[in-house]
Amino acid sequence: QVQVVESGGGLVQAGGSLRLSCAASGTIFIVNTMGWYRQAPGKQRDLVATITSGGRTNYADSVRGRFTISRDNAKNTVYLQMNSLKPEDTAVYYCLADIAIVAGTPAHDYWGQGTQVTVSS
């Protein structure tokens, strides 16, 4: 019933910018923390940035100062503005949403299918 869909990935030159979007939809009571993770070929999936429902943010050291995470609670949407992109940012970017479907039940993590970001040198 819950769907998490990313968009905005693509191919960009080093130093360029991209803006990713992720919308959660379906049967939702509340969306708690949302975030972005990325996975490069042959590597584990790592945290990029998270944002709580109250707007508190957390960033990986490798992206702090270059990326900005934000959200629109009315739309259940989270964004990732990526500036000054580097080749090492190349990865599949996955959206994570911590969602409680029904009041009084524990929240669970829902993942998007991922969107490819490729940064050329």
Discussion item. We want to know whether Asp98 and Thr33 form a side-chain donor-acceptor pair, criterion being a heavy-atom distance below 3.5 angstrom.
Written reply: no

Worksheet item: How about Val4 and Met34: do any of their side-chain heavy atoms sit closer than 4.5 Å?
Response: no

Fill in: Heavy-atom donor-acceptor pair, Gln1 side chain to Gly26 backbone, under 3.5 Å
no

Discussion item. Please check this pair: side chain of Asn32 against backbone of Thr52, looking for a donor-acceptor N/O pair closer than 3.5 Å.
Written reply: no

Fill in: Close side-chain approach of Trp111 to Cys95, heavy-atom, < 4.5 Å
no

Worksheet, complete the sentence: Nearest heavy-atom approach of Tyr110 to Ile101 is OH-CD1, 2.9 Å

Worksheet item: Are Glu88 and Thr90 close enough that a side-chain donor and a side-chain acceptor fall under 3.5 Å?
Response: no

Item to complete: Only counting residues at least two apart or in another chain, list the ones meeting salt bridge (Lys or Arg N to Asp or Glu O under 4.0 Å) with Arg66.
Response: Asp89

Item to complete: May I ask you to check whether over 12 heavy atoms, not counting those of Gln113, lie within 6.0 Å of atom CD?
Response: no

Worksheet item: Are the side chains of Leu47 and Asn58 in touch, meaning some heavy atoms are under 4.5 Å apart?
Response: yes

Worksheet item: What class does the angle between the rings of Tyr93 and Phe67 fall in, given that below 30° is parallel, 30 to 60° is tilted and above 60° is perpendicular?
Response: tilted

Worksheet item: Does a side-chain heavy-atom distance below 4.5 Å link Met82 with Ser17?
Response: no

Item to complete: Could you go through the side-chain contact (heavy atoms from CB on, under 4.5 Å) check for Asn76 and Asn73 one step at a time?
Response: CA-CA 5 Å; Asn76 289 329; Asn73 289 336; 5.7 Å; no

Worksheet item: Can you find a pair of side-chain heavy atoms, one from Tyr94 and one from Arg45, that are under 4.5 Å apart?
Response: yes

Practice prompt. Using the test salt bridge (Lys or Arg N to Asp or Glu O under 4.0 Å), find all partners of Arg19 that sit at least two apart in sequence or belong to another chain.
Written response: none

Worksheet item: Is any side-chain heavy atom of Ile69 closer than 4.5 Å to a side-chain heavy atom of Trp36?
Response: yes

